[in-house]
Amino acid sequence: MTATRAQGLIRTTVEDQVLRVLRWIVIATLVAAAVFPFYYMVLLSFRPLESVLQDPGSLWVTPDEFTPSTYSDVLKSQDDGGQGFLNFIRNSLLVALGTVVVALLVSIPGAYAVSRLEFFGRRQVSALFLAVYFFPSILLAVPLFVFYTRIGLRGSLIGLLLVYVAQVAAVSIYMLRNYFATIPVSIEDAAAIDGCSRLQALRHVSLPLALPAVVSNALFVFMIAWNEFLFALLFLVERRDNWTVSLGLSQLAGSIEIPTTVLMAGSVILTVPVIVLFFIGERWLTGGLTAGAEKG
Amino acid sequence: MTPRDAGATTADRVTGRRRRSASSRVRQDARTGLALISPTFLIVLVMVVLPILWTVSLAFQSVRLLNIRQTSLIGDYSVDNFVNVVTSDGFVEALLITLVYSVGGTALAIAVGLAAALALRRPFRGRGVVRAVLLLPYVAPVVACAFVWTTLLNPQYGLVNDWGAGLLGWDEPIAFLSSRSNDLSLLGLTVPVPTALLTVIAFEAWRSFPFAFLFLTARMEAIPDTLEEAAMLDGAGAVQRFRNIVLPQLAPTIAVLTVLRFIWTFNNFDDIWLLTGGGAGTQVVSVRVFSYLTARGDIGAAAAQALVLALILAVLVVGYLKLFGRTEEQT
C-alpha cells in the first residue's frame, strides 16, 4: 500500500517536471508561430528586393539595407508610378466606417427591442438573426451577384456596404442584446416613473450604460468590414478605383512586375489598423465592463 | 363611470387604473418593439432571406450571366443543374477534399487551441501579453496572412525552403502550394503526401486555433480548483487530473467548438482561394461555386452547387448533433 503510494508520488513528480518543461516549449512555439509571420512581413517591407532574393533566410535588416521607400511606392497613385494604396485605404475606410455607423444605427434599437420589449415574433426574429450568423456567405454570393448585376449596384461601394451591414447587423444585435440584458430593468423603471418614454429611457439611461459594449461592437464590426474579402472580390474586381485594401493586395499579389517587398509594405498597411484596434478594444472591454450600474 | 364602479372602493379603482395603464404600456411596448426591430429585419430580409430563396429558384433554372436580364420568377424549372453538377467531373473529388479539409482543419485547430489553453492555465508574468499575441492570427486580415504565407513558402525565394535547404539538407525546394503530392521517405518507407492540401489545412489551423483557445480558456476558468486539489491529495498525476477532471468538464465546449469550426471551415472560400486558387488538389466546393459563377458565368450551376453544399453541411451537422446528443444521454 505504502509502496504503491510512493511510486505514485515519484511518477507524479517526474510527470510534473516533464510537463513543466513541455509547457514552456508549447508556449514558446505558439508565440513564435503566431508572431513570426507578422515579424517577417514587417521585415520584408523594409528590405530591398535584391537582397531578399539573394538571402531569403535572413532575419534582420542592416542599416544600409533599410528601405522605407517601399511604403511610398505602394501608397502613391498609379499616375505617379505607385500602386494606389492610398486610394484603396480611402475606399476601405469609407466602407468600414459606413458599415459601423449604419450597423450601429439599426442594431442598437434592434438589440434593445429584443432584450427589453415583448412584441409579436420576438423569439422568431432572434432565432433568424442567429441563423444568419451561420449562413454560408458563398450561398449568398450567387444571388447577390445576380441581383447587383441587374440593378447596376455591382462595382459600387454602397452596394458592398449594404451587404456588410446585413452580415454584421445580426451578430451585433446578438452581442448588444446580451449586454442590455445585464443592465437592471429597475433603472429604466425609475426613468419611466420620472416620465421618460421607452425611447428616452433607451437614449438617456441604457445607451450610456451600454457604451463599452457599443464601442467594442463598433471595433468588431470595423474589423470585419476592413478584413472582408469574398464580397469585395465578387463585386469590385473590375473597378480598380473602388478596390479595398484587401482586394487590392490580393489582386496585385499575383503580378510579376510589382516587387514582393513593395506588396509587403501594402500588407503591413492592411494589417496595422486592425491590430491597433484590437489592442485598443481589449483595454476598452476590460475597463468598461467592470463599472457597475446597480449603484445608481 | 358606470354605477357599479361608483360602488367600488378607492383601492379597487386604483388597481384598476394601474392595470389599465400597464396593459396600455404592454401594447405600446409591442408597437415600439416592432418599430425598433424593423430596420434590421428589413435589411436581413432583403439582403439575406430573399436572396437565399432566390438561390433556390435560380438553381432550378437555366441561367447564364449573358441572359441574366431575361430571367424571372416564372421560368422553365428543371433539375438539370443538379444532375449536371453532381455528375460533373471533379464534383465528388471536390466534396471529398472539402471534407478532409474541414475535418483536418477543425481537429488541428481545436487540438492546438487546447494545448495553448492548458499551457497558459496557470498564471505567470506576461501571461496577458502572451494571450493577446496568440490572438493575432485570428484578428489579422486573411489577405495579408495568406500573402505572407505564400511568400514564406515560395520555392524560389521563400524562407522555409531556404532554411530547409540550409538546416535540414533538403535536396530540392518544396512547392508547398502548387504540388499535388510529394513522396515522403520515412524509415525506408515512401508514402505519397498531399502537400498542398496539408499546407492549406495547416494555414486554417494556424488562423483559427486562437478561437478555440479563447473558448476553452473561458471554460477552464470556470472549473472549480477544489476538484483538482482533492485529486492531487489522492496522488493523481497531472495527466490523470487532465483526463479525469479537466477533459470531461471541457467536453461540451469542445463539442460546440467542433460544430462551429466545422461549419465555418466547410464553407471557407477565402483561405484556399488566396493560397492556391483551388489548384493542386485543393479545390473545395466553395471555390468551385465561385469559378462557376465568375469564370463560366453559369449561374444556375453555381446556385445548385451552393445549395448542395449547404444541404450536405446541414445533414452533417444534424447527424453530429444527434450522435452527440445520444452519447450525452448515456453518460
Side-chain angles (χ1 to χ4, degrees), chain A residues 5 8-9 11-12 15-16 19 23 26-27 30-31 34-35 37-38 40-41 52-53 56-57 106-107 109-110 112-113 117-120 125 132 134-136 138-140 142-146 149-150 162-163 165-166 169-170 173 198 227 229-230 246 249-250 253 260 267 270-271 274 278 282, chain B residues 26 29-30 32-34 36-37 39-41 43-44 47-48 51-52 54-55 58 68-69 115-116 119-120 130 132-134 136-137 139-145 147-149 151-152 157-159 162-163 166 206 235 237-239 263 267 269-270 274 286 289-290 293 299 302-303 306 309-310:
Chain A
R5 187 83 180 242
L9 276 178
R11 197 193 56 215
T12 305
E15 201 176 271
D16 283 351
L19 283 178
R23 174 177 178 233
V26 168
I27 293 176
L30 287 175
V31 169
V35 175
F38 299 102
Y40 193 70
M41 190 194 286
V52 173
L53 294 179
V106 302
S107 63
Y112 181 80
L117 305 173
E118 195 54 58
F119 58 88
F120 178 72
V125 158
V132 168
F134 295 109
F135 279 154
I138 195 76
L139 191 60
L140 277 177
V142 181
L144 287 177
F145 183 78
V146 179
T149 308
R150 268 177 99 163
L162 283 175
V163 176
V165 170
I173 284 197
R198 276 289 185 187
N227 288 357
F229 173 64
L230 170 60
S246 272
L249 180 62
S250 74
T260 306
S267 200
L270 171 63
T271 311
V274 169
F278 166 67
E282 254 214 326
Chain B
V26 164
D29 276 1
T32 319
L34 280 178
L36 292 183
I37 200 76
T40 317
F41 182 71
I43 289 179
V44 169
M47 304 301 292
V48 181
I52 285 181
W54 199 25
T55 312
L58 286 171
I68 204 168
R69 293 200 181 273
L120 293 178
V130 171
V133 157
L134 287 188
L136 285 180
V139 294
V142 60
V143 178
C145 294
F147 183 55
V148 176
W149 270 62
T151 309
L152 281 167
Y157 54 87
L159 172 130
D162 185 61
W163 284 14
W206 177 78
V239 175
I263 293 176
N267 293 318
F269 165 83
D270 297 0
L274 289 164
S286 58
V289 174
F290 185 83
L293 183 61
I299 292 164
L309 180 76

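Chain naming here is simple, since letters A, B, ... match the order of the sequence lines and numbering starts at 1 in each. Because the structure is predicted, anything quoted here is derived from the model rather than measured.
Between A/Gly110 and B/Thr40, the shortest heavy-atom contact is CA-OG1, 4.5 Å. The minimum heavy-atom distance between A/Val106 and B/Pro39, with the atom names listed, is CG1-CB, 3.8 Å. Across every non-hydrogen atom of B/Met47 and A/Ala166, the tightest pair is CB-CB, 3.3 Å. Shortest non-hydrogen contact noted between A/Leu19 and B/Ala238 is CD1-CB, 3.2 Å. When every heavy atom of B/Leu58 is checked against every heavy atom of A/Pro143, the shortest pair comes out as CD1-CA, 4.4 Å. Between B/Gly33 and A/Ala113 the shortest heavy-atom distance is O-CB, 3.6 Å.
Within the 4.5 angstrom heavy-atom criterion, atoms from both the backbone and the side chain of A/Val163 approach chain B. Only the side chain of B/Thr151 comes within less than 4.5 Å of a heavy atom of chain A; its backbone N, CA, C and O stay farther away. A/Val31 touches chain B through backbone and side chain together, each having a heavy atom under 4.5 Å away. Heavy atoms closer than 4.5 Å to chain A are found in both the backbone and the side chain of B/Phe41. Of the atoms belonging to A/Leu162, heavy atoms from both backbone and side chain fall under 4.5 Å from chain B.
Side-chain atoms of A/Leu270 and B/Phe147, non-hydrogen and from C-beta on, never get closer than 4.5 Å to each other. A heavy-atom distance below 4.5 Å is found between the side chains of A/Ile173 and B/Ile37. With contacts defined as side-chain heavy-atom distances shorter than 4.5 Å, the pair B/Asp29/A/Phe119 does not qualify. With a 4.5 Å cut-off on side-chain heavy atoms, A/Leu139 and B/Thr55 count as touching. Here the side chains of A/Glu118 and B/Val26 are not in contact, with every heavy-atom distance at 4.5 Å or above. You'll find the side chain of B/Trp206 reaches within 4.5 Å of the side chain of A/Pro37, heavy atoms only. Between A/Asn227 and B/Val142 there is no side-chain heavy-atom pair separated by less than 4.5 Å. B/Leu274 has its side chain within reach of A/Ser250: a pair of non-hydrogen atoms, C-beta onward, lies under 4.5 Å apart.
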Do B/Tyr157 and A/Thr260 pass the side-chain hydrogen bond (donor to acceptor under 3.5 Å, both in side chains) test, and can you show the C-alpha distance, the side-chain angles, and the key distance before you say yes or no? CA-CA 10 Å; B/Tyr157 54 87; A/Thr260 306; 3.1 Å; yes
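When each of B/Val44, B/Val133, B/Val139 is checked for heavy-atom pairs under 4.5 Å with chain A, B/Val139 comes out on top. Interface summary for chain A: among B/Ile43, B/Leu309, B/Val148, the most heavy-atom pairs under 4.5 angstrom belong to B/Val148. Note: B/Pro141 leads B/Pro141, B/Ala306, B/Ala30 in heavy-atom pairs under 4.5 Å with chain A. Of the listed residues B/Ile263, B/Leu120, B/Leu159, the one with more heavy-atom pairs under 4.5 angstrom with chain A than any other is B/Leu159. If you tally non-hydrogen atom pairs under 4.5 Å between each of A/Val26, A/Val165, A/Leu249 and chain B, the highest count goes to A/Leu249.
B/Leu134 CG to A/Ile27 CD1: the interatomic distance, rounded to the nearest 0.5 Å, is 8.5 Å. One finds the CH2 atom of B/Trp149 at 14.0 Å from the OH atom of A/Tyr40 (value rounded to the nearest 0.5 Å). To the nearest 0.5 Å, atoms CG (B/Leu136) and CZ (A/Phe278) are separated by 6.5 Å. The structure places CG of A/Leu144 at 9.0 Å from CH2 of B/Trp54, a figure rounded to the nearest 0.5 Å.
Between the side chain of A/Ser246 and the backbone N or O of B/Val143, no donor-acceptor pair lies under 3.5 Å.
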